[in-house]
Amino acid sequence: MLKLTVISHIFQLGNYHIEYTRYTKSTIDMVSFAKKQGAKTIVITDSPYSPLVPQADVVLLASRHLPTFFDSFVGPLSLINSLIALIGREKMNDAQGRLNKLEDVWEQFDVFYKKEDD
């Protein structure tokens, strides 16, 4: 089911597919599949030796290593956030239309808490 969902998202993303992950086989397969379908691939990874790099049109490096016993995803997530903001600004009309549709759906299904007027 997960692969089917990812494939659906690849086709919905149009010309771009942004990927950040560890080196799982399914991720490598999906990026390879997207590339074969003509998608422009942007790989965000922590190493220039990542097996995703050969499939990438653009490689962005973002370290997740700290001098502690755990990894931090603050760097990669900040990079992803910046990309989303940039793409959103470039495609504002499309983004605003999609956000308006989402707001309508959220309203219809009463998704978010609303403080009742006293």
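Keep in mind that this is a model prediction, so the values were computed, not measured.
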Practice task
Could you walk me through whether Lys25 and Met30 pass the side chain to side chain contact (heavy atoms under 4.5 Å, CB included) test, one step at a time?
Solution key: CA-CA 9 Å; Lys25 185 175 180 335; Met30 288 296 117; over 6 Å; no

Practice task
Begin with the C-alpha distance, continue with both residues' side-chain angles, and end with the deciding distance and a verdict on side chain to side chain contact (heavy atoms under 4.5 Å, CB included) for Leu83 and Ile44.
Solution key: CA-CA 11 Å; Leu83 287 171; Ile44 302 171; 3.7 Å; yes

Exercise for the section: Using the side chain to side chain contact (heavy atoms under 4.5 Å, CB included) rule, take Leu61 and Thr45 through it: C-alpha gap first, then chi angles, then the decisive distance, then the call. Expected result: CA-CA 5 Å; Leu61 296 176; Thr45 186; 3.8 Å; yes

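No side-chain heavy atom of Leu77 sits under 4.5 Å from any side-chain heavy atom of Asn81.
One N or O on the side chain of Asn100 and one on the backbone of Gln96 form a donor-acceptor pair closer than 3.5 Å. Of the possible polar contacts, one joining the Ser82 side chain to the Ser78 backbone as a donor-acceptor pair under 3.5 Å is found.
Through side-chain heavy atoms spaced under 4.5 Å, either directly or across other Ile, Leu, Val, Met, Phe, Trp or Tyr residues, Tyr49 is tied to no other residue. Membership of an apolar cluster is not assigned to Met92, as no side-chain contact below 4.5 Å to another ILVMFWY residue is traced.
If you run side-chain contact (heavy atoms from CB on, under 4.5 Å) between Asp110 and each of Gln108, Glu107, Lys114, only Lys114 comes through.
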Review item, side-chain donor-acceptor pairs of residues 52-59, under 3.5 Å, at least two apart:
{"unit_1": "Asp57", "atom_1": "OD1", "unit_2": "Lys35", "atom_2": "NZ", "d": "2.4"}
{"unit_1": "Asp57", "atom_1": "OD2", "unit_2": "Lys35", "atom_2": "NZ", "d": "2.7"}
{"unit_1": "Asp57", "atom_1": "OD2", "unit_2": "Thr41", "atom_2": "N", "d": "2.9"}

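Taking CG from Asp104 and CG from Leu99, the interatomic distance works out to 11.0 Å, rounded to the nearest 0.5 Å.
Phe112 and Phe109 fall within the same hydrophobic cluster, defined by Ile, Leu, Val, Met, Phe, Trp and Tyr side-chain heavy atoms under 4.5 Å apart, directly or through other members. A continuous path of Ile, Leu, Val, Met, Phe, Trp and Tyr side chains, each step under 4.5 Å between heavy atoms, connects Leu60 with Ile84, placing both in one hydrophobic cluster.
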